[in-house]
Amino acid sequence: MQDTGIVRRIDELGRVVIPKELRKTLRIREGDPLEIYTNKDELVFKKYSPISSISFHAEAVADGIEELTEKNCMVTDNDTVIYVSGGKNKDVIGRIISNELENVMRERKSVILSKSDGSNMVSVVKGDQIEMENQIIVPIISGGDCYGSVLIFDKDKSNRFSSADVKFAQLGAAFLSRQFE
């Protein structure tokens with residue numbers, strides 16, 4: 001465990017303020033769920049990811065979409081990449097998503113992009129661009145809250161997404177959203 005040099009007192013109601021610097025570093029925003037548990041003699045606060053709790057379903061959705069579309073599929077939560085189908089791009093699992101992708105999810109709208117149309121791809125992870133020519137991003141929304149996204153992407157310059165590809169991405173996001181009801 002690393003010392004941060006920040007000390008906070010617990011108030012009479014048992015509350016403690018998490019310093020702004022730490023919230024910013026850990027991307028903790030107002031309303032974000034935190035998991036609280038003990039580890040030996042330590043009290044641990046961990047940012048909770050509902051998508052991680054259903055990672056088995058996320059993997060099945062991504063692998064199923066890849067099998068049906070023959071395109072790569074990725075599932076993210078609001079902070080990190082949870083799963084990527086296929087053998088390539090597995091190194092991005094656990095990496096922090098880009099601000100660009102975060103903004104798309106915040107808008108709660110699906111995005112379909114193709115470089116052949118002159119569109120710029122939405123960067124998926126911070127500090128690294130995954131090579132892609134076409135991209136579908138569908139937010140996972142349940143009860144008005146965005147929990148993450150389903151992305152389908154490929155590197156084929158001559159191919160565009162079909163309406164079936166879009167429907168599969170929407171179906172995957174809808175299935176995962178139902179896990180939170």
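No experiment lies behind these values; they were computed from the predicted model shown.
Between the side chain of D165 and the backbone N or O of F161 there is no donor-acceptor pair closer than 3.5 Å. With T80 contributing its side chain and R95 its backbone, the two residues share no donor-acceptor pair below 3.5 Å. N39 contributes no side-chain N or O that, together with a main-chain N or O of E42, makes up a donor-acceptor pair within less than 3.5 Å. A donor-acceptor pair is defined here as one N or O able to donate and one able to accept, closer than 3.5 Å; such a pair exists between the side chain of S98 and the backbone of L101. At distances below 3.5 Å, at least one donor-acceptor pair connects side-chain atoms of K90 with backbone N or O atoms of V84. Of the possible donor and acceptor atoms, none in the side chain of T38 sits under 3.5 Å from a partner among the backbone N and O of K40.
For the atom pair CZ of R8 and CG of L22, the computed distance is 8.5 Å after rounding to the nearest 0.5 Å. How far CD of Q179 is from NE2 of H57: 4.5 Å, rounded to the nearest 0.5 Å. To the nearest 0.5 Å, atom OG of residue S163 and atom CZ of residue F168 are 10.0 Å apart. Note that SG of C73 is 7.5 Å distant from CG of L151, once rounded to the nearest 0.5 Å. The line from NZ of K115 to CG of L113 is 11.0 Å long, rounded to the nearest 0.5 Å.
Residues E133 and M121 approach most closely at O-CE, 3.6 Å, considering heavy atoms.
Residues forming a salt bridge (Lys or Arg N to Asp or Glu O under 4.0 Å) with D117 (at least two apart in sequence, or on another chain): R160.
Side-chain contact between I82 and I93 is absent, with no heavy atoms from C-beta onward closer than 4.5 Å. Contact of the I152 side chain with the N72 side chain is not registered, since no non-hydrogen atoms from C-beta on lie closer than 4.5 Å. Two residues are said to be in side-chain contact when any heavy atoms from C-beta on lie closer than 4.5 Å; V150 and I140 meet this criterion. At a threshold of 4.5 Å between non-hydrogen side-chain atoms, the residues N78 and C146 count as touching.
Residue pairs meeting the side-chain hydrogen bond (donor to acceptor under 3.5 Å, both in side chains) criterion with at least one member in residues 134-155, sequence neighbours excluded, are T76-S149, S114-N134, N134-D154.
Under the side-chain contact (heavy atoms from CB on, under 4.5 Å) test applied with V104, the options I97, V138, N99, V122 reduce to a single match, V122.
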Donor-acceptor contacts, no H, no angles, side chain residues 59-68, under 3.5 Å, sequence neighbours left out:
from : atom 1 : to  : atom 2 : distance (Å)
D63  : OD1    : Y83 : OH     : 2.9
D63  : OD2    : Y83 : OH     : 3.0
E66  : OE1    : G86 : N      : 3.2

